[in-house]
Each structure stands twice: as structure tokens, then as C-alpha cells.
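Quick notes on the structure that follows.
The structure presented is a predicted model; accordingly, all values stated were derived computationally and were not measured.
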Amino acid sequence: MIRGIVFDLFDTLVDQNHDQLRPVELEGHKVGATTPGLFARARDEFGVDLPVREFIDRLNQSDRTLRVDTIDQGLELSTLDRFAALGTDLGLTDVLAFGRALTDVHMGALYEACSVPVHHEAVLTSLAIDYRMALCSNFSDAATARAIVNEAGFDPHLMAMVISEEMGVRKPRREIFDATIDALGLAPNEILHVGDNLVADIEGATAAGMRTVWLTRQIGDPEAAMARYEGPQPDFALEDLLDLPVLVARLGV
């Protein structure tokens with residue numbers, strides 16, 4: 001019997017629209033979509049006097065160094081810490097202000113690129129009548145994730161929002177799922193986890209004892225994705241969140 005539902009956020013409840021964040025040209029270099037804004041803010045507000053290529057190289061090197069002890073270990077690397085570390089590498093005095101400024105640029109672009117399928121709020125409204133619901137998301141800036149959820153109108157339907165930047169650990173590590181289970185106050189086998197990522201969502205939630213739904217609406221080639229995947233199979237697969245109320249109704253209330 002399913003009594004609770006946990007949702008991933010990006011490309012599950014909301015769409016990241018990666019096509020809007022494709023690399024762009026900056027002074028003859030192919031760079032990430034937010035890099036022009038980051039470079040301009042660093043130069044104009046903090047006096048960073050570097051060629052574009054060196055700025056990019058310093059950022060990439062800083063990221064690679066930080067990943068070893070964070071992302072590669074299943075720990076979250078917050079966007080603020082990422083850019084503050086770059087500020088330290090650049091020899092700036094107020095690295096926290098630098099980190100916050102670049103976080104605003106980067107997260108502002110990601111926020112603007114997100115969109116919400118029109119039917120998702122209605123789906124959550126209907127499910128909230130019978131089920132306890134929560135969010136469990138990997139994201140490096142919890143404030144932005146919460147703003148997206150609030151703007152989408154999902155807040156009233158969620159008992160908890162468990163976000164990796166606040167937890168310090170990322171899916172598929174067990175701790176973030178256990179925190180979500182505790183927040184719902186249910187047994188793991190009473191909870192259905194819905195997400196688009198086979199490793200982060202399906203493998204992680206299965207290991208925590210939850211049943212799983214693989215949402216394929218944003219997966220370009222689900223068959224190829226499944227062929228590459230070596231973990232536990234999802235209990236269910238759905239093409240669209242619109243089909244979730246029917247599925248959980250069949251599983252019983």
C-alpha cells in the first residue's frame with residue numbers, strides 16, 4: 001500500500017530546458033551559457049583582470065580540485081562554495097561577496113530557463129488528497145530550488161523539501177533518502193519515489209527500500225538509457241506525470 005510519494009525536482013516536476021543553456025561564443029571561445037555573465041560580473045564588480053581563456057581555465061581547474069572531495073564522494077558542492085573558492089584562487093579579499101555575486105548570475109540564468117508543465121500543479125493537487133508528498137532533489141543552491149517550487153505553486157502540497165545543498169550529500173547516497181523518509185513519517189515500502197535519473201533516483205531509492213517510478217518524458221531515448229544502466233530496475237515507468245494518479249490508485253490507498 002502506497003501512502004507517500006517523493007518527487008525529484010528537475011526534469012520531473014519542472015523542466016530545466018537544457019537547450020536554453022547551450023554553450024555560447026565569448027571573445028572567440030566556446031563557453032558555458034552563464035560564463036559571459038560570470039566573467040562580466042567578476043571583471044566589472046571585483047576588478048578581475050584576466051583574459052577570458054584564463055578566467056575559464058581557472059574556474060575549470062578550481063572545479064576539478066573541489067570535485068575530488070565533494071561530488072566524487074557523493075557530497076554536494078554548493079554553488080556559493082564553488083565560486084568562493086574561485087575568488088580565493090584569484091586572490092580576492094571578499095571571497096564571500098564574490099561567491100554570492102557569481103551565484104546570483106549563475107542561478108538567475110538557471111531559474112529563468114526552467115519551466116513547469118501546465119498540468120503538474122493539478123496532478124499534485126489531486127494526489128495531495130490521499131498521499132503525503134515530499135521533494136528530494138540534487139541541487140547546488142537550495143534557495144533557488146525553493147524559489148522554483150514556490151513559483152510553480154507546489155509548496156502547499158509538499159510536507160518536506162530535502163535538497164542536497166542543505167543535506168550536504170547527493171542522491172544516490174542513502175542519507176538523503178533516509179531524511180526524506182523520516183520527514184514523511186512512513187515506512188520506506190509505503191513510499192513511491194518518482195524521478196528521471198536511473199542512478200540517482202531509481203538506484204538510490206530502491207536501496208533505501210522505496211518503490212520507484214522512472215519518469216521518461218525528458219529522456220530522449222529511454223531504451224538506450226536503460227541498456228546502459230546496470231542497477232536495479234524501476235518498479236514502474238511512466239511517460240508523463242499525468243499518468244501517476246492512475247498508477248497509485250491501482251496500487252491502493
If I compare all heavy atoms of [X] with all of [Y], which pair ends up nearest, and what's the gap?
X	Y	value
S140	M107	OG-CE, 3.5 Å
A134	T180	CB-CG2, 3.9 Å
N138	F10	O-CD1, 4.3 Å
P245	L127	CA-CD2, 3.8 Å

Linking I/L/V/M/F/W/Y whenever their side-chain heavy atoms sit closer than 4.5 Å, directly or via other members, would [X] and [Y] fall into one cluster?
X	Y	answer
I2	L184	no
L158	L186	no
L247	I219	no
L241	L198	no

Check this for me, if you would: do [X] and [Y] make a salt bridge, where the nitrogen-to-carboxylate-oxygen distance has to be below 4.0 angstrom?
X	Y	result
R146	E166	yes
R217	E239	no
D63	R67	no
R3	D130	no

inquiry  = Using the rule given for side chain to side chain contact (heavy atoms under 4.5 Å, CB included), can you reason through C136 versus I176, listing the C-alpha separation, both sets of side-chain angles and the distance that settles it, and then say yes or no?
reply    = CA-CA 8 Å; C136 181; I176 194 167; 3.9 Å; yes
task = For V52, enumerate each residue passing the side chain to side chain contact (heavy atoms under 4.5 Å, CB included) test, keeping only those at least two apart in sequence or located in another chain.
result = L26, E27, H29, F39, I56
key: Pairing residues for E151 by the side chain to side chain contact (heavy atoms under 4.5 Å, CB included) criterion, not counting sequence neighbours   = Y111
For L66, the rest of its hydrophobic cluster, which grows through side-chain links under 4.5 angstrom = I71, L77
note = To the nearest 0.5 Å, atom CD of E121 lies from atom OG1 of T125 at 3.5 Å
Result of checking E203, M226, R211 against P234 for side chain to side chain contact (heavy atoms under 4.5 Å, CB included) = M226
message = Go through it in stages, so that I can follow the logic: the residues are T144 and F139, the test is side chain to side chain contact (heavy atoms under 4.5 Å, CB included), and I'd like the CA-CA distance, side-chain angles, deciding distance and then a yes or no.
response = CA-CA 9 Å; T144 301; F139 199 58; 3.9 Å; yes
Within residues 77-105 or reaching into it, pairs that qualify as ring-ring contact (aromatic ring centres under 6.0 Å, His included) - sequence neighbours excluded = F46-F98, F83-H106
ring-ring contact (aromatic ring centres under 6.0 Å, His included): pairs with one or both residues in residues 153-184, sequence neighbours excluded = F177-H193
Any donor-acceptor N or O pair under 3.5 Å, side chains Q61, R64 = yes
key: T79 and D141: side chain donor to acceptor below 3.5 Å   = no
note = Residue pairs passing the side-chain hydrogen bond (donor to acceptor under 3.5 Å, both in side chains) test with at least one member in residues 39-49, sequence neighbours excluded, are R41-E45
